[in-house]
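Written out below as structure tokens is the structure these notes cover.
Just so we're clear, the structure is a prediction, and the values are computed from it rather than from any experiment.
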Amino acid sequence: MHDAGSAPRSDTRSRVQEVALELFAEQGYEKTSLREIAERLGVTKAALYYHFKSKEDIVHCFTDDYFAKFDALVEWAKDQPQGEATRREVIDRYVDIVLAGHEVFRFLEQNRASVETMHGGKDRLAHVRDRLDGLVDVLVGPAAPLRDRVRASTALIAVGATCRFFLQQTEDRDKLRAIVREIATDLTS
């Protein structure tokens, strides 16, 4: 349970991340200032500075939050019995994470050079591969034949690419989710 003082801070941090992602998408990371983020939020730069010392801090926060969801999924899946039901649930949860965090992934794609120059940026991007490997392990097992590992990797990569590509082309997010889940499940079965 949160105390009365922690909820507003968390909500404010989330709102800062959301607004920063909007501005980064509109103008690019390099062209967006903390002042512009503060203005869009309707707060002073000092109030924003209370939560984040720099744009880089904001990026670290929202990428850490995004990647923590993948890590939690892998940890959850490791404790589940291997089999079709777990594989389907991993795919379902993965699709939900990708759809919910598509703005973060788009940011990482569009601002790769900027992210790599940030403190720990190259490591942050390198760990994407580790996370995908972890998901492949829980989907097909670490000792699975190359063909099964490639199919599982293809399914995961396809989920991300397909969601990003079609999310802006469809108003029916549930239909997209169902189609992507079906295809990813077929690839991992």
Side-chain angles (χ1 to χ4, degrees), residues 1-3 5-25 29 32 34 37 41 48-82 86-142 152-153 155-164 167 173 177 180-181 184 188:
M1 180 185 285
H2 297 290
D3 65 304
S6 68
R9 180 180 169 117
S10 176
D11 291 345
T12 301
R13 290 176 66 84
S14 295
R15 182 72 182 125
V16 169
Q17 292 175 43
E18 181 182 314
V19 166
L21 276 167
E22 288 171 7
L23 283 166
F24 295 157
Y29 174 78
T32 301
L34 283 176
I37 295 169
L41 284 164
L48 177 62
Y49 196 72
Y50 174 77
H51 296 283
F52 297 100
K53 303 296 182 212
S54 66
K55 291 188 305 183
E56 187 173 318
D57 286 348
I58 297 170
V59 170
H60 284 195
C61 191
F62 66 66
T63 56
D64 288 349
D65 290 352
Y66 183 64
F67 292 142
K69 293 174 183 171
F70 290 105
D71 296 342
L73 175 57
V74 170
E75 288 307 309
W76 171 85
K78 285 179 181 178
D79 293 334
Q80 303 305 308
Q82 288 187 340
T86 299
R87 200 168 26 257
R88 283 182 183 273
E89 185 65 21
V90 168
I91 293 292
D92 286 351
R93 291 179 181 205
Y94 178 70
V95 170
D96 289 343
I97 291 168
V98 170
L99 285 171
H102 73 278
E103 295 95 351
V104 175
F105 200 88
R106 182 177 60 184
F107 168 82
L108 291 170
E109 280 184 327
Q110 292 174 344
N111 297 280
R112 185 177 186 97
S114 295
V115 171
E116 285 182 349
T117 63
M118 292 177 189
H119 176 72
K122 286 187 180 183
D123 290 339
R124 187 172 303 272
L125 293 172
H127 289 301
V128 170
R129 170 64 192 254
D130 296 338
R131 287 178 173 93
L132 285 176
D133 285 343
L135 285 167
V136 168
D137 287 350
V138 299
L139 286 171
V140 297
S153 297
L156 295 171
I157 292 167
V159 164
T162 304
C163 287
R164 284 187 313 282
L167 196 57
R173 197 175 186 138
R177 178 183 286 117
V180 170
R181 284 178 174 164
T188 58

Worksheet entry | OG1 on Thr63 to CZ on Phe107, rounded to 0.5 Å | 8.0 Å
Worksheet item: Looking at OG of Ser153 and CG of Leu135, how far apart are the two atoms once the value is rounded to the nearest 0.5 Å?
Response: 9.5 Å
Fill in: Sub-4.5 Å side-chain heavy-atom contact between His60 and Phe52
no
Worksheet entry | Rounded distance (nearest 0.5 Å) linking atom CD of Glu103 with atom CG of Leu167 | 8.0 Å
Worksheet item: What is the ring orientation for Phe62 with Phe24, classed by angle as parallel under 30°, tilted 30 to 60°, or perpendicular over 60°?
Response: tilted
Worksheet item: Just wondering, do Val74 and Asp137 contact through their side chains at under 4.5 Å, heavy atoms?
Response: no
Fill in: Distance, nearest 0.5 Å, that separates CG of Leu48 from OG of Ser54
10.0 Å
Fill in: Spatial distance of atom CG (Asp71) from atom CZ (Arg131) [nearest 0.5 Å]
4.0 Å
Worksheet, complete the sentence: Here the pair of heavy atoms bringing Ala184 nearest to Ala155 is O-CB, 3.8 Å
Worksheet item: Ile97 and Lys69: which non-hydrogen atoms are nearest, and at how many Å?
Response: CD1-O, 3.5 Å
Worksheet entry | side chain to side chain contact (heavy atoms under 4.5 Å, CB included) evaluation trace for Trp76 with Arg93 | CA-CA 11 Å; Trp76 171 85; Arg93 291 179 181 205; 3.3 Å; yes
Discussion item. For the CG atom of Leu132 and the CD1 atom of Ile157, what is their distance to the nearest 0.5 Å?
Written reply: 6.0 Å
Discussion item. Any heavy-atom pair between the side chains of Cys163 and His102 that's under 4.5 Å?
Written reply: no
Worksheet item: Is the shortest heavy-atom distance from the side chain of Leu139 to the side chain of Ile91 under 4.5 Å?
Response: yes
Fill in: Student check: side-chain heavy atoms of Thr86 and Pro81 closer than 4.5 Å
yes
Discussion item. Whether Lys78 and Glu75 form a salt bridge (side-chain N of Lys/Arg under 4.0 Å from carboxylate O of Asp/Glu) is what I want to check.
Written reply: yes
Worksheet item: Is the backbone of Thr188 close enough, under 3.5 Å, to the side chain of Arg87 for a donor and an acceptor to pair up by distance?
Response: yes
Worksheet item: What heavy-atom pair brings Arg164 and Glu109 nearest, and what distance separates the two atoms?
Response: NH2-OE2, 3.2 Å
Worksheet item: Which atoms form the tightest heavy-atom contact between Ala100 and Arg173, and what is the distance?
Response: N-NH2, 4.0 Å
Discussion item. Contact between Tyr94 and Leu73 at the side-chain level, heavy atoms closer than 4.5 Å - yes or no?
Written reply: yes
Worksheet entry | Neighbour count >12 (heavy atoms, 6.0 Å) for atom CD, Gln80 | yes
Practice prompt. Ignoring hydrogens and angles, tell me if any N or O in the side chain of Arg15 forms a donor-acceptor pair with the backbone of Asp11 under 3.5 Å.
Written response: no
Worksheet item: Do Arg177 and Asp96 sit within salt-bridge range, that is, some charged N less than 4.0 Å from a carboxylate O?
Response: yes
Item to complete: Would you please classify the geometry between the Phe67 ring and the Phe70 ring as parallel, tilted or perpendicular, with 30° and 60° separating the classes?
Response: tilted
Worksheet item: Closest heavy-atom contact between Arg106 and Ala25?
Response: NH2-CB, 3.5 Å
Worksheet item: Is any side-chain heavy atom of Arg13 less than 4.5 Å from a side-chain heavy atom of Val16?
Response: no
Discussion item. Side chains of Ile37 and Ile58, heavy atoms from C-beta outward: is any pair under 4.5 Å?
Written reply: yes
Practice prompt. Locate the shortest heavy-atom distance separating Tyr29 from Ser114; write the atom from each residue and the value.
Written response: CD2-CB, 3.7 Å
